[in-house]
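Treat the numbers as computed from the prediction; the structure is a model and nothing was measured.
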Amino acid sequence: MHYSISEIAKMTGLSTYTLRYYETEGILYNVRRDEKGRRYYTEENLGWLEMIECLKKTGLTLKEIKENVNLFSDLKNNYEQRVELFERQQKILEDRLKHLQQSIELTKFKQWYYKNLGTIVSIDDPKRHQKMEEYYRKNILNQSEPDTNN
């Protein structure tokens, strides 16, 4: 199946400018043209665009993606380097996810803290933060943790 540049733009959420830029910069290759010189895209191009966007989300820059284009254009070789690239990017994503989870937990605590400050511990208590934290850990976190003793 073939797609026009506007169809691919709608499918991917990328602008037509970005699609042309990727091609011009050698990030997206094998874009074909019809007899009038208009670009048309294949399923292979669509798959590559999905991979480009995935790699961008893992933190690779367009320059780094371009440097790795040859790894992917040679289908018969470079498997080890491809695996290494994706393992490295997976580690980055896992680290990011860990930090995001920590931020989520902190925001949950802060929401609970400000909703309950004054009802559990006096606002005037100089040890209010410590007492609220202890209460939260003992009574709130323990409720949400699954029982692993079964």
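Hydrophobic cluster membership is shared by L14 and M51, with clusters built from Ile, Leu, Val, Met, Phe, Trp and Tyr side chains linked at under 4.5 angstrom.
Residues I120 and Y136 form no side-chain contact, since every pair of their non-hydrogen atoms from C-beta on lies 4.5 Å or further apart. Between I92 and Q89 the shortest side-chain heavy-atom distance falls below 4.5 Å. Using a 4.5 Å heavy-atom cutoff, the side chains of K98 and E94 are not in contact. By the 4.5 Å heavy-atom criterion applied to side chains, W112 and I140 are counted as neighbours. Looking at heavy atoms from C-beta onward, L85 lies in side-chain contact with L60 at the 4.5 angstrom threshold. Residues M11 and L46 form a side-chain contact, since some pair of their non-hydrogen atoms from C-beta on lies under 4.5 Å apart. Using a 4.5 Å heavy-atom threshold, the side chains of F86 and L55 count as touching. For the pair L97 and Q101, the minimum side-chain heavy-atom distance is 4.5 Å or more.
S122 OG to L117 CG: the interatomic distance, rounded to the nearest 0.5 Å, is 8.0 Å. Taken to the nearest 0.5 Å, the CG atom of D34 stands 10.5 Å off from the OG atom of S4. Summarising the geometry, atom CG belonging to L28 is positioned 7.5 Å from atom CG belonging to L19; distances are rounded to the nearest 0.5 Å. Interatomic distance, L62 CG to I52 CD1, rounded to the nearest 0.5 Å: 8.0 Å. The structure places CD of E87 at 14.0 Å from CZ of R82, a figure rounded to the nearest 0.5 Å.
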Checklist entry - Going through the distances and angles, do K110 and L106 end up as a side chain to side chain contact (heavy atoms under 4.5 Å, CB included)? => result CA-CA 6 Å; K110 288 299 187 179; L106 178 61; 4.3 Å; yes
Checklist entry - Would E134 and K131 satisfy salt bridge (charged side-chain N to carboxylate O under 4.0 Å, His left out), going step by step from the backbone distance to the final call? => result CA-CA 5 Å; E134 287 171 5; K131 289 178 180 179; over 6 Å; no
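Between E64 and T61, the shortest heavy-atom contact is OE1-N, 2.7 Å. Scanning all heavy atoms of the two residues, the minimum distance from F109 to M132 falls at CE1-O, 4.2 Å. In terms of heavy atoms, K66 sits closest to I27 at CB-CG1, 3.9 Å. T119 approaches N116 most closely through the heavy-atom pair OG1-O, 2.6 Å. Residues A9 and S15 share a closest heavy-atom pair of CB-C, 4.4 Å. Contact record, T58 with R96: O-NH2, 3.1 Å, taken as the closest heavy-atom pair.
The neighbour count for K63 NZ, taken as heavy atoms of other residues, nucleotides or ligands under 6.0 Å away, does not exceed 12. Shown here is E80, whose CD atom has no more than 12 heavy atoms of other residues, nucleotides or ligands within 6.0 Å.
Taking the six-membered ring for Trp, W48 and Y41 have ring centres at least 6.0 Å apart.
One finds a salt bridge joining E53 and K56 here, because a Lys/Arg side-chain nitrogen approaches an Asp/Glu carboxylate oxygen to under 4.0 Å. A salt bridge between E7 and K10 is absent, with no side-chain N of the basic residue lying under 4.0 Å from a carboxylate O of the acidic one. The pair E133-R137 meets the salt-bridge criterion, since a charged nitrogen lies less than 4.0 angstrom from a carboxylate oxygen.
Without hydrogens or angle criteria, R32 side chain to Y40 main chain gives no donor-acceptor distance under 3.5 Å. With hydrogens and angles ignored, the 3.5 Å screen pairs a side-chain donor or acceptor of N45 with a backbone N or O of T42. The backbone N or O of K127 lies less than 3.5 Å from no partner atom in the side chain of Q130, so there is not a single donor-acceptor pair.
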